[in-house]
Structures are given as C-alpha cells and as structure tokens.
Amino acid sequence: MTRETTCQVLVVGGGPGGYVAAIRAAQLGLGVILVEAGELGGTCLNRGCIPSKALLNASARFQAMRDCADAPVMGLRCTAPGVDMAELADWKSHVVGRLRGGVGALLAANKVRVVAGWATFRNAKICDVSTAQGQETIHAGNVILAAGSIPSGLPGAALDGNVLSSTEALDLEELPASLLVVGAGYIGLELATVFTRLGSQVSIVEAGDRILPGFAPALSKPVADWFERHGVTIALSSRVERVHGTAAGCEVEVRNPDGALTRTAASKVLVAIGRAPNTAGWGLENMGVDMTGAFIKVDAQCRTSMRGVWAVGDLVGEPMLAHKAMAQGEMVAEIIAGMRRKFESHAIPAVCFTEPEIVSVGRAAADAGHLGFELVSSRFPFAANGRSLSGNSDVGFIEVVARKTDNVVVGIHAVGQHIGELAGEFSLAVEMEARLEDIAATIHAHPTLGEGFFEASLQGLGRSLHLG
Ligand code: FAD
Ligand code: NAD
C-alpha cells in the first residue's frame, strides 16, 4: 500500500547542499522530509572530499617516511616503511562512517524525517519514493533539489575493474603498479598525488595546454614541478582516445599534439575529466523547470522557473564545490522561512589539495580591464616565512590583489604547503572588503603561514618588514 505524506519542505539529496538545507529549514520551524537514495553526506562525504583528503593525509605521511628511508631528512632516518592498502582503505572508511553518523545524528536532532529511497517526481510538488517498506508519495509545499553530480565518462574507455572513476579509485585495496590519469583537474591531480606518494608509477594525460587550467599558471607551476620531481610524466594537449583491457591491465591510445597516436600501458586508468549534473532518472522532466545547458537554471536566490521549486549545489553549475552547495542550501532554507537572502559568489574559495596546496579567492590582477578599475598586487614568498622553512618547504607565495584607489582587497591567491588552511582568513578578508590597512593592522601569530598574508599586505602598502 502507498503511504501518502505531506510536508512543508521536501529535500531530495542528502549531500552537503541537501542536508544543510534540511537542517536549517528544520531549525527555522519548518516540517522537513529529506529523501536520500544512497548514503547521507552525498558525494562529498562518501566518495569525494573526505575520502580523498584522508588518502592525501595518509599518503603524505607515507611519503615523508619514504623520503627519510632514502636519505636522512632534517636528520631523521627510518627503515623499510610500508603501506597496507587494505588497512588504509579500512581507516578511510572508518573516518567516512564516523562523519556520516554525525550527519544522521544532526538531522535527527533537528527533527528532519529522513526517507531512504529513490525519489521520482510526478510533477513539481508530488514525489514518489520507493523505500524498503514500500512506496511513499510525498506532497510538498516547497521542493529543494540537491541531487548532485556524477562523473563524466570518456567515450572509448568504459568503466570496468581497470578503468576507474574517482569513486573506484578511492576504494582500491591494492596499490596499482602504474596508474594513467586522464584529466589534470582537481580530481586527477589530487589522486595522482595520492598514488605517487604511495608508490605507483603515475602518468597524466591532459587535453589542455597546462595542468589545472582553472588556476593561474603561477599557482599551478609549483604543482607541476612537484610531479616532475617525483617522476610523473604529464602529456599536455593530448587526449586518450581508447582504452583496451589486457591481461596486465590496460593499453591506452593517446592522441598527441602533433596528431600522432601513441600506445602506452598502465595497470589502471583513472578517468577524471569533469562531472555532470545528475539530472536524469528522477522525473526532472515532469517538473517544468528551465535548464541552462546541462544544469538546472536558477536565479540569485536558487529559485528555479517553477514556483516553490529550488535547486542547489552541483545541479546548478560551477563551481561544483561542497561549501558552495552548503551555502546555497542554507540560503534557500532561510528564504523559504521568510528571510531576505541573496547568493553572493564573489568570495567562494577554491582549494586544490595537491603538493603544494593552492588557494584562490576573488579577483585576479588580470581582471582589471574587465572590472573597469585599476588593481595592484603584492606577493610574499614562503622562502622568507619562518613557519614554512621550519616545515622544510620554501615553495610558494601569497599574492594579494587590491583596488588601487582605496586598497580594498578583492582577491587572494596562494600556493604553498598546507596553505589550504588559510582559505577561511582569505575569504573573510574578501567577503568583508578588508583594506590592506586592515590586514596590516591585524597582529598575526608568529611563526605562522598567515604572516605571509600580513607581509603581502604590507608590501602592497609599500612598507614591507621582512622583504628586502
Ligand atoms: P552530492 O554531494 O552529489 O549529493 C547528492 C545526493 O543526492 C547523493 O547522495 C545522491 O545519492 C542523492 N540523490 C540523487 N538523486 C536522487 C534521487 N532521485 N532520490 C534520492 N536521492 C538522490 N568539493 C569541495 O568543496 N572540496 C573538496 O575537497 C572536494 N573534493 C572532491 C573529491 C572528489 C573525488 C569528488 C568526486 C568531488 C569533490 N568535491 C569537493 C566536490 C563535492 O563533492 C561536490 O561539490 C558536493 O558533493 C556537491 O554537493 P551536492 O549536495 O550538490 O550533491
Ligand atoms: P575538472 O574540471 O577540475 O578537470 C577536468 C580536467 O580534464 C580538465 O583539466 C580538462 O581539460 C581535462 N579533460 C577533459 N576532457 C579530457 C580528455 N578527453 N582527455 C584529457 N583531459 C581531458 O574536473 P574533475 O577533476 O573531474 O573534478 C570535477 C569537479 O569536482 C571539479 O570541477 C571540482 O568542482 C570538484 N572537486 C573539487 C575538489 C576540491 O575542491 N579540492 C577536489 C576534487 C573535485
């Protein structure tokens, strides 16, 4: 028998966009149902941000051990470090499980009713869910779509045991002897970093003429240098055309920039060429919402073209980042509850957790022509930072971009070891429209990477203390 229910807010998808929307709507007194077909936490928690960062952290420790085994580093030596991939995978799953339990507990504490099952919309406000207990039909006052995204496939390279998307790569319980990564974007490079550190022979094929095309060349260069130093080959302006299974793994056909086709072998191939919004198979076509390209079209309040239907996160376009999804989810819940909100995207930080890490928020110096006002930029190198050098790294810099007329900080771009941790301070400065004088008047703890931000700001004001 079909169960019929009603709610004020129906959220479809329990990823960062959906679960945050559900919690906030419930906090504001609305009756909320959240439908999730897979696991709470969505892509980010179960097969994205968290497992990839767990493996990045573990692999960084292993690399440090291996370095000390090759030759003493900072006077430290170690012998025969090893990695147990099955135990590593278990540990990573434990971290994910613990956080997933936390999301479930938060939803329960806020009295969000979670329905486990696949949602299919009959029309904009009526949704059928197949659950283990049978069919449930939900009639909703408001609908928040947060169905996320899926990996884009590569024609000629169907996923199988040896051709992997990030989902399978994050679950490997055996270290591949060699890994060919297709795509030098966020996923390709973060996972190339993991497997290089763990000891696989990694090669990368990228269609563009440089790695991380979304970041400025000065930011991606230290990352390219790290890969080169660690024996990773990167084929630029090249495309993988076909992957054949062999007894030993895969044979890969690569179209080189000169048009020639070369064949190369790898135990595993990781396809990381972007992600597509998850818009098929759940009745979106019955809801009457407009699209923009492959994404659901929304306005600055995440309203779709259908009254009372909202969409957030990866479904609505770039940047496909968890913190953007959460910010949109929170905002939509507040708008439904009657608050006045609008989505501001100018201070969304982007962090790439490679070696070294990259952070970018706001405008680049090159945007001046497009903005119509003059910008000045100033840089502080980590080679002059005590925290960085005492952590055995002299690579990278922090660049601050400010409006020339009033010194308002409009962008901050940095590359360096552990620099991702400063993303919050950088976003705060851009969001609050801090001036260089505000950063310079803030006492930054010594010795920290944040002093580089302080010094870059001093330099912008023409009064550096620690730069000749
Ligand atoms: P998702 O997290 O994709 O959640 C959508 C949910 O909806 C899923 O749980 C799905 O099961 C459910 N669903 C879909 N359709 C239905 C249906 N019909 N019925 C019921 N349930 C349904 N972002 C960062 O900011 N930082 C990072 O470090 C980072 N690392 C990443 C690493 C990897 C390997 C990947 C793949 C992604 C990473 N991302 C990262 C991106 C981040 O995961 C996404 O931007 C984020 O998860 C998007 O959130 P969302 O709520 O829009 O969708
Ligand atoms: P991406 O868009 O970051 O990179 C894809 C890369 O693949 C690009 O450099 C592109 O030029 C290349 N490419 C495309 N087609 C190709 C082909 N046929 N052959 C060779 N190269 C090809 O996408 P992604 O790395 O798959 O990540 C997807 C999304 O997930 C990202 O856009 C990001 O929003 C999110 N993500 C974020 C983080 C983070 O915040 N640290 C980490 C991982 C993923």
Side-chain angles (χ1 to χ4, degrees), residues 11-21 34-53 55-56 115-121 127-130 144-157 165-167 169-170 181-191 204-215 220 235-241 254-255 270-284 311-316 318-326 328-329 348-354 357-359 420 423:
V11 181
V12 172
Y19 85 73
V20 167
L34 182 147
V35 183
E36 170 55 59
E39 287 154 326
L40 290 174
T43 303
C44 175
L45 175 42
N46 297 289
R47 51 191 174 278
C49 324
I50 300 302
S52 60
K53 269 74 238 177
L55 293 185
L56 278 159
V115 175
W118 184 257
T120 308
F121 284 87
C127 179
D128 297 314
V129 187
S130 345
I144 304 177
L145 301 174
S149 63
I150 51 173
S152 298
L154 184 65
S165 75
S166 53
T167 304
L170 287 166
V181 176
V182 192
Y186 282 90
I187 293 179
L189 293 194
E190 289 186 0
L191 291 180
I204 301 171
V205 177
E206 162 61 42
D209 61 3
R210 61 189 181 85
I211 65 165
L212 292 173
F215 291 94
S220 57
L236 297 172
S237 307
S238 302
R239 284 180 174 271
V240 168
E241 296 217 329
V254 182
R255 183 71 64 187
L270 165 64
V271 178
I273 59 166
R275 293 178 62 86
N278 174 27
T279 50
W282 48 270
L284 177 62
V312 301
D314 285 5
L315 266 185
V316 303
E318 300 283 353
M320 290 194 184
L321 297 173
H323 40 283
K324 182 209 75 171
M326 292 193 222
Q328 289 181 328
I348 300 175
V351 182
C352 193
F353 295 86
T354 39
E357 294 177 351
I358 299 176
V359 181

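Read the numbers this way: they start at 1 and go in the same order the structure lists the ligands and their atoms.
Close contacts of ligand 1 with Met320, meaning ligand atoms under 4.0 Å from a residue heavy atom, involve 41 (C), 45 (O). Less than 4.0 angstrom separates some heavy atom of Arg239 from each of these atoms of ligand 2: 17 (C), 18 (N). Listed by number with element, the atoms of ligand 1 under 4.0 angstrom from any heavy atom of Gly117 are 19 (N), 20 (C). Within ligand 1, the atoms closer than 4.0 Å to a non-hydrogen atom of Gly17 are 51 (O), numbered from 1 in the order shown. Ligand-side atoms of ligand 1 in range of Ser149: 3 (O), range being under 4.0 angstrom from any heavy atom. Close contacts between ligand 2 and Val351 involve ligand atoms 39 (C), 40 (O), 41 (N) [criterion: under 4.0 Å to a heavy atom]. The ligand atoms of ligand 1 that sit less than 4.0 angstrom from a heavy atom of Asn278 are 14 (C), 15 (N). Heavy-atom contacts of Leu321 reach the following atoms of ligand 2: 34 (O), 37 (C), 40 (O) (cutoff under 4.0 Å). For ligand 1 and Ser166, the ligand atoms under 4.0 Å from any heavy atom of the residue are 34 (C), 36 (C). Residue Pro16 approaches ligand 1 through these ligand atoms, each under 4.0 Å from one of its heavy atoms: 2 (O), 46 (C), 47 (O), 49 (O), 51 (O). Per-residue contacts place Val205 under 4.0 angstrom from the following atoms of ligand 2 (heavy atoms of the residue considered): 20 (C), 21 (N). Contact atoms of ligand 2 toward Glu190: 39 (C), 41 (N), 42 (C) (distance under 4.0 Å to a heavy atom of the residue). The atoms of ligand 2 that sit less than 4.0 Å from any heavy atom of Leu154 are 18 (N). Listed by number with element, the atoms of ligand 1 under 4.0 Å from a non-hydrogen atom of Cys44 are 2 (O), 43 (O), 47 (O).
Neither the backbone nor the side chain of Leu315 comes within 4.0 Å of ligand 1, counting heavy atoms alone. By the criterion of a heavy-atom distance under 4.0 Å, the side chain of Val182, and not its backbone, is placed next to ligand 2. Contact annotation for Pro151 and ligand 1: no heavy atom of the residue comes within less than 4.0 Å of the ligand. Heavy atoms of Phe353 found under 4.0 angstrom from ligand 1 belong exclusively to the side chain. The proximity of Leu321 to ligand 1, defined as any non-hydrogen pair under 4.0 Å, involves the side chain as well as the backbone. At a heavy-atom cutoff of 4.0 Å, ligand 1 is contacted by both the backbone and the side chain of Trp118. Only side-chain heavy atoms of Ser52 come within less than 4.0 Å of ligand 1; its backbone N, CA, C and O stay farther off. Residue Ile211 does not touch ligand 2, judged by heavy-atom distances below 4.0 Å. Contact annotation for Ala325 and ligand 1: only side-chain heavy atoms (C-beta onward) come within less than 4.0 Å of the ligand. Of all the heavy atoms of Ala119, the ones lying under 4.0 Å from any atom of ligand 1 are found in both the backbone and the side chain. Contact annotation: for Lys324 versus ligand 1, there are no heavy atoms closer than 4.0 Å.
In this comparison of Ala146, Cys352, Cys49, the heavy atom closest to atom 40 (C) of ligand 1 sits on Cys49. Ranked by closest heavy atom to atom 5 (C) of ligand 2, the top entry among Ser52, Ala272, Ala235 is Ala272. Between the choices Gly185, Pro213, Gly274, the shortest heavy-atom distance to atom 26 (O) of ligand 2 belongs to Gly274. Of the options Lys53, Met320, Lys324, the smallest heavy-atom separation from atom 35 (C) of ligand 2 is shown by Met320. The closest non-hydrogen atom to atom 30 (O) of ligand 2, taken over Arg275, Glu357, Glu318, comes from Arg275.
Protein heavy atom closest to atom 14 (C) of ligand 2, with residue, atom name and distance, is Ile273 CB, 3.6 Å. Scanning all protein heavy atoms for the shortest distance to atom 25 (O) of ligand 2 gives Ile187 N, 2.8 Å. Among protein heavy atoms, the minimum distance from atom 31 (C) of ligand 2 is reached at Tyr186 CD1, 3.8 Å. Nearest protein heavy-atom neighbour of atom 9 (O) of ligand 1: Glu36 OE1, 2.7 Å. Of the protein's non-hydrogen atoms, Gly48 C, 3.3 Å is the one closest to atom 32 (C) of ligand 1. What sits closest to atom 20 (C) of ligand 2 on the protein, heavy atoms only, is Ala207 N, 3.3 Å. For atom 7 (O) of ligand 2, the closest non-hydrogen atom on the protein side is Gly183 CA, 3.3 Å. Scanning the protein for heavy atoms near atom 9 (O) of ligand 2, the closest one is Glu206 OE1, 2.7 Å.
Here the shortest heavy-atom pairing between Val359 and Gly420 reads CG2-CA, 3.6 Å. Considering every non-hydrogen atom in both Gly18 and Leu34, the closest pair reads O-CD1, 3.8 Å. A pairwise comparison of heavy atoms in Leu315 and Ala147 identifies CD1-N, 3.3 Å as the closest pair. Minimum interatomic distance between Pro349 and Ala423 (heavy atoms only, all atoms of both residues): CB-CB, 4.2 Å. Scanning both residues, Tyr186 and Val351, for their nearest heavy atoms gives CE2-O, 3.5 Å. Closest non-hydrogen pair, Gly17 versus Ala146, comes out as C-CB, 4.2 Å.
The shortest heavy-atom distance from Lys53 to ligand 1 is under 4.0 Å. Heavy atoms of Met326 come nearer than 4.0 angstrom to ligand 1 in no pair at all.
Of the possible donor and acceptor atoms, one in the side chain of Ser238 sits under 3.5 Å from a partner among the backbone N and O of Leu236. Remark: the backbone N or O of Cys352 is not paired with any side-chain donor or acceptor of Glu357 at under 3.5 angstrom.
Annotation: Ala322 places an N or O atom under 3.5 Å from an N or O atom of ligand 1; distance criterion only. Considering backbone and side-chain atoms alike, Phe353 places every N or O at 3.5 Å or more from each N or O of ligand 2.
Salt-bridge annotation for Arg239 and Glu206: absent, with no side-chain N of the basic residue lying under 4.0 Å from a carboxylate O of the acidic one.
Separation of atoms CG (Leu154) and CD1 (Ile273) is listed at 4.5 Å; rounding is to 0.5 Å.
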